[in-house]
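All figures in this text were calculated on a predicted structure; none of them were measured in a lab. Counting convention: from 1, in listed order, for ligands and their atoms alike.
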Amino acid sequence: MDGLDELRKSWLDRIGGASEEGALEEFRVAALGKKGEISLKMRELGKMTPEERQVAGPALNALKDEVNAAIVAKKAGLADAALDERLKAEWLDVTLPSRPRRQGTIHPVSQVTEEVTAIFADMGFSVAEGPQIETDFYNFDALNIPGHHPARAEMDTFYTHRKDGDNRPPHVLRTHTSPVQIRHMEQHGAPCRIIAPGRVYRADYDQTHTPMFHQVEGLVLGEDISMANLKWVLEEFYSAFFGVQVKTRFRASHFPFVEPGAEVDIQCSFEGGTVKVGEGDDWLEILGSGMVHPKVLEAGKIDPTKYQGFAFGMGIDRIAMLKYGIPDLRDFFASDLRWLRHYGFASLEVPTVHAGV
Ligand code: DAH
């Protein structure tokens, strides 16, 4: 059959020169489609003599297969080239460090609260909570602080506003965590071993006082609890917290909710203008404590002839300042980012019982 070689060359050239898949499809239709150039040639076979057909038939079939295969190969080649192109254009370096993101820090008060909780948890204490807006019953009366008692005035209490003629007893912002003692006794009775960390409020403001600050209360009740247990628990606590052996000194003192009451000092040195806990011959007042007053037990619906126990209360911010060398309490709550970055703790710094030592 004449012209097959030219036909073959013309299609293979066109296919070879195609630069996109769409063009290949057009070539396929134009060559091999129903009215395609090669298909029309095939039709001519019918008009041929058997001898001619014997030669032209296989030649045409071979041409058809060859063109088909060229289209398929070219298609695959174009797809590969396109992929290479994309891989080059969309390349990214997965070894590059990620963009830095600003990270917050854990506030020293949160950190120290966690540390305190961890140490007392080790000694079998659980955590109790109470409301920050208290009735004056829980904040004062139940703690053996009657209306006329000077402690009410001393505490610079914030009272909630009452409309004229509203004679309900006033609510206060709790001035200490001691009311949680009463709430816990009422709900869970004795024996018990709890701490109650949380916010407290007093109208006071200077280098060591802010209107809102933090305390942790402790309460242990049982049938055979004494001041000796209190002393052991506190020495154990301070030694774990400061990471050095800390001696305590008990001084007789008065708090309406305990009898006897004691202020506790911890051993320290003031040499060189800095306070160092657990060394030297000086003492630093650190907390109030005592044996729970029978009237307080009664207010908490506990039988004082059967149970007795000790209680204590200390400032969380104060021991945070001591441990981490923070000079001014007001900065704790000033929300100054530079301060927070400097004194804050990384979120993955798991609190240890004596972190930072
Ligand atoms: N509530 C007292 C205060 O805020 C601290 C305190 C003293 C708590 C003696 C106690 C305690 O439980 O026994 O000043």
Side-chain angles (χ1 to χ4, degrees), residues 116 120 125 127-132 134-146 149-158 172-186 190 192-204 208-222 225-234 237-238 248-266 284-300 302 304 307-319 329:
V116 169
F120 279 106
F125 284 71
V127 174
E129 283 181 313
Q132 293 176 37
E134 264 297 7
T135 62
D136 67 349
F137 172 77
Y138 283 108
N139 197 77
F140 294 123
D141 300 76
L143 289 163
N144 195 29
I145 312 174
H149 198 284
R152 290 211 185 190
E154 274 164 27
M155 280 193 173
D156 301 313
T157 311
F158 287 112
V172 301
L173 296 187
R174 69 179 181 192
T175 57
H176 49 181
T177 42
S178 303
V180 185
Q181 288 187 31
I182 309 292
R183 290 183 176 273
H184 191 269
M185 285 189 249
E186 278 180 345
C192 79
R193 205 185 307 180
I194 54 139
I195 55 164
R199 291 188 172 157
V200 299
Y201 304 84
R202 290 182 204 177
D204 213 350
T208 51
H209 297 90
T210 48
M212 186 281 298
F213 59 107
H214 299 80
Q215 285 189 337
V216 56
E217 195 79 11
L219 175 69
V220 173
L221 298 177
I225 302 289
S226 73
M227 293 281 271
N229 302 130
L230 169 64
K231 187 167 167 87
W232 183 86
V233 163
L234 291 181
F237 167 73
Y238 286 118
T248 60
R249 180 176 77 172
F250 281 55
R251 279 182 293 105
S253 182
H254 176 74
F255 301 96
F257 26 92
V258 280
E259 183 57 42
E263 269 171 333
V264 176
D265 304 334
I266 53 175
L284 186 69
E285 185 194 323
I286 198 85
L287 106 167
S289 65
M291 296 301 288
V292 181
H293 197 291
K295 281 195 180 163
V296 173
L297 291 173
E298 271 166 12
I302 303 251
Y307 292 105
Q308 75 295 129
F310 64 77
F312 60 85
M314 73 177 135
I316 292 180
D317 323 76
R318 192 164 149 67
I319 60 172
L329 179 64

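Atoms of ligand 1 found under 4.0 Å from any heavy atom of Gly290 (numbered from 1 in listed order, with element): 13 (O). Each of the following atoms of ligand 1 lies closer than 4.0 Å to a heavy atom of Gln215: 3 (C), 4 (O). Close contacts of ligand 1 with Gly288, meaning ligand atoms under 4.0 Å from a residue heavy atom, involve 6 (C), 7 (C), 9 (C), 10 (C), 11 (C). Close contacts of ligand 1 with Glu217, meaning ligand atoms under 4.0 Å from a residue heavy atom, involve 8 (C), 10 (C), 12 (O). Ligand-side atoms of ligand 1 in range of Ser178: 1 (N), 8 (C), range being under 4.0 angstrom from any heavy atom. Less than 4.0 angstrom separates some heavy atom of Gln181 from each of these atoms of ligand 1: 12 (O).
Within a 6.0 Å sphere centred on CD of Gln132, other residues, nucleotides and ligands contribute more than 12 heavy atoms. Other residues, nucleotides and ligands place more than 12 heavy atoms under 6.0 Å from the NZ atom of Lys231.
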> Would Glu186 and Tyr138 count as a side-chain hydrogen bond (donor to acceptor under 3.5 Å, both in side chains) if you check the C-alpha gap in whole Å, the side-chain angles of each, and the deciding distance to 0.1 Å?
Replying inline: CA-CA 11 Å; Glu186 278 180 345; Tyr138 283 108; 2.6 Å; yes

>> side chain to side chain contact (heavy atoms under 4.5 Å, CB included), that's the test. Do Thr175 and Phe140 meet it? Break it down for me.
In response: CA-CA 9 Å; Thr175 57; Phe140 294 123; 4.2 Å; yes

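The closest non-hydrogen atom to atom 2 (C) of ligand 1, taken over Phe312, Phe310, Phe257, comes from Phe257.
Ion pairing between Arg249 and Glu285 fails under the 4.0 Å rule for side-chain N and carboxylate O.
Judged by the shortest distance from any of its heavy atoms, Met314 lies outside the 4.0 Å radius around the atoms of ligand 1. Using a non-hydrogen distance threshold of 4.0 Å, Arg202 registers as a contact of ligand 1.
By the 6.0 Å and 45° rule, Arg202 does not stack over the aromatic ring of Phe158.
Among the atoms of Ala311, some N or O lies under 3.5 angstrom from an N or O of ligand 1.
In this pair, Phe120 and Phe125 present their aromatic rings perpendicular. The plane angle is above 60°, beyond the 30 to 60° band.
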